[in-house]
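Presented below is the structure to which this report refers.
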Amino acid sequence: MQDKCKCGTANRNIECTVVQCANHCGGQDYCSLDRIKVVTHEQNPTVIQCTDCSSFVLAKPQN
């Protein structure tokens, strides 16, 4: 089930706690995108810190 959020629709298949991302769904810890792209900056990733969400977009500050 998907719920509306200020950035679009919360995708309950993609959990996210990065509130600085423009795709984050406010008080709901979900992403509004249909899909995300996870990338690595290591040739042989072995720990979580080796991966990143390349779908991250910095949210504009709210005035």
Side-chain angles (χ1 to χ4, degrees):
M1 179 179 184
Q2 294 183 338
D3 297 324
K4 286 286 186 185
C5 60
K6 67 180 182 178
C7 60
T9 301
N11 183 339
R12 298 223 175 252
N13 294 308
I14 305 175
E15 294 184 44
C16 179
T17 59
V18 183
V19 297
Q20 297 83 355
C21 184
N23 300 310
H24 187 264
C25 281
Q28 305 174 61
D29 284 337
Y30 294 100
C31 181
S32 64
L33 297 175
D34 291 332
R35 64 182 181 184
I36 62 169
K37 184 175 183 179
V38 177
V39 297
T40 183
H41 49 271
E42 301 290 331
Q43 189 171 7
N44 184 25
T46 57
V47 293
I48 292 170
Q49 291 82 352
C50 295
T51 62
D52 293 301
C53 177
S54 71
S55 301
F56 173 81
V57 175
L58 184 61
K60 294 179 183 176
Q62 295 181 357
N63 295 334

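When reading the values below, keep in mind they use all heavy atoms of this one structure, side chains included, and skip hydrogens, waters and symmetry mates.
- Residues that satisfy the side-chain contact (heavy atoms from CB on, under 4.5 Å) test with Ser54, not counting sequence neighbours, are Lys37, Val39.
- A donor-acceptor distance shorter than 3.5 angstrom exists from the side chain of Thr40 to the backbone of Cys50, with no hydrogens or angles considered.
- Evaluated for a side-chain contact (heavy atoms from CB on, under 4.5 Å) with Cys53, the options Asn23, Ile36, Ile14, Val18 yield exactly one hit, Ile36.
- The shortest non-hydrogen separation linking Val19 to His24 is CG1-CE1, 3.6 Å.
- In this structure, the side chain of Asp29 does not engage the main chain of Thr17 through any donor-acceptor pair within 3.5 Å.
- If you take CG on Leu33 and SG on Cys21, they are separated by 7.0 Å, rounding to the nearest 0.5 Å.
- Considering all non-hydrogen atoms of both residues, Cys25 and Cys31 come closest at SG-C, 4.1 Å.
- When all heavy atoms are compared, the tightest approach of Gln49 to His41 is O-CE1, 3.3 Å.
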